[in-house]
Amino acid sequence: MIFPVWRLAHGRELVLGPDAIIMGILNVTPDSFSDGGAFVSLEAALRQAERLIGDGAHIVDIGGESTRPGGAPVSASEEQDRILPVFEALAGRDDILLSVDTYRAETARLAVAAGAHIVNDVWGLQREPGIAAVAAKSGAGLAIMHTGREREKLPDVIADQFSFLRLSLEIARQAGVRDEQIILDPGFGFAKDTAENVEIMARFEELAGLAFPLLVGTSRKRFVGAVTGRESAEARDVGTAATSALLRMKGAAVFRVHNVAINRDSLRIADAMLAAQR
């Protein structure tokens, strides 16, 4: 069986398919919905990065602006001041890949120059399309996420995924991004209610029609709490691990999570089942 290879900046790459890839979340922010304020100092951020790596993360995704509903926007310079020292401290290691969680082209450019291998854009290249040119020029991996924010959505959740992400893919191709740099994210939680999120999970196989590997970020999301009855974000880790295993069985390749250890275990079970089916 031939598995796709995700091409990344600085000559790195990831084989997607035989085993689930875990992207650990590192929010260097004071107001993220789950862990805001916990890792704002460089020392705390680096300790958390080591924890994520030790627990089995393949990628650390570093963000300097909260993307939670109602999160306070920050300036580009503040975002960069928060994250660039973390990239500089972790750059050049062989045991981890680094991702920058940003929609700003200049932040992405600086982060890749500081060591990032992947650009993760929650606005799907449609907030600052110039971010696609950054990926094209640097060779960075590009995670393109679907969002329902600030626009009218189509009634059918999968049709809306195809409509939005096809536009994003056209932006990427016009900028010169190669297909092997791209992974798509259906954007669980981003202007989607509980029923919509669950429907996307139930119909996840249909996203294979986009013909790109898929990244998912269900971690501690509100819909997980709504289904499980868990109010606090930290109490949603078991529910998150269940979504990870289910989505792995339905074709997801990369999993963006807060609690790496519990998701690693659930994904190993799913991987064992998938291996037995090959």
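Numbering starts at 1 and runs along the sequence shown. Hydrogens, waters and symmetry mates play no part in the numbers below; they use all other heavy atoms, side chains included.
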Atom CZ of R230: over 12 foreign heavy atoms under 6.0 Å: no
Single-linkage hydrophobic cluster V254~L246, side-chain heavy atoms < 4.5 angstrom: no
Spacing of CD1 belonging to I131 relative to CH2 belonging to W123, to within rounding of 0.5 Å: 13.0 Å
Side chain to side chain donor-acceptor pair (under 3.5 Å) against R278, all qualifying residues, sequence neighbours excluded: none
Transitive ILVMFWY side-chain link L8 to L215, under 4.5 Å: yes
S163 OG to K153 NZ distance, which is reported to the nearest 0.5 Å: 12.5 Å
Pairs touching residues 205-217 that satisfy side chain to side chain donor-acceptor pair (under 3.5 Å), sequence neighbours left out: R203-E206, E205-K250
Nearest-0.5 Å distance that lies between atom CD1 in I96 and atom CZ in R12: 8.5 Å
Student check: side-chain heavy atoms of T107 and I83 closer than 4.5 Å: yes
Side chains of T102 and E65, donor plus acceptor under 3.5 Å: no
Side chains of S99 and N120, donor plus acceptor under 3.5 Å: no
R166 bridged to E170 by N-O distance under 4.0 Å: no
ILVMFWY cluster, F162 and L214 together (side-chain gap under 4.5 Å): yes
Residues R93, E50: salt bridge by 4.0 Å N-O rule: yes
Check: Q48 and L52 side chains under 4.5 Å, non-hydrogen atoms: yes
Side-chain ion pair, D19 and R268, N-O less than 4.0 Å: no
Greater than 12 external heavy atoms within 6.0 Å of Q277's CD: yes
Any residue meeting side chain to side chain donor-acceptor pair (under 3.5 Å) with D265, in chain and number order, not counting sequence neighbours: none
Non-hydrogen side-chain atoms of H146 and K192 separated by less than 4.5 Å: yes
Chi angles and distances behind the side-chain contact (heavy atoms from CB on, under 4.5 Å) call for Q161, V157: CA-CA 6 Å; Q161 291 278 329; V157 293; 5.7 Å; no
Q174 vs I171 side-chain heavy atoms within contact, under 4.5 Å: no
Pairwise distance CZ(R82) to CD1(I62) - rounded to 0.5 angstrom: 14.0 Å
Non-hydrogen side-chain atoms of R109 and K137 separated by less than 4.5 Å: no
Distance in Å, D160 CG paired with T147 OG1, rounded so as to fall on 0.5 Å steps: 9.5 Å
Side chains of L42 and V86 in contact at under 4.5 Å (non-hydrogen atoms): yes
Check: F39 and V28 side chains under 4.5 Å, non-hydrogen atoms: no
D185 and R256 ion-paired at < 4.0 Å: no
Non-hydrogen side-chain atoms of F188 and M201 separated by less than 4.5 Å: yes
Pairing of R178 and E180 as salt bridge, 4.0 angstrom limit: yes
Interatomic spacing from CD in Q126 to CZ in F164 - rounded to 0.5 Å: 3.5 Å
Heavy-atom donor-acceptor pair, S244 side chain to L267 backbone, under 3.5 Å: no
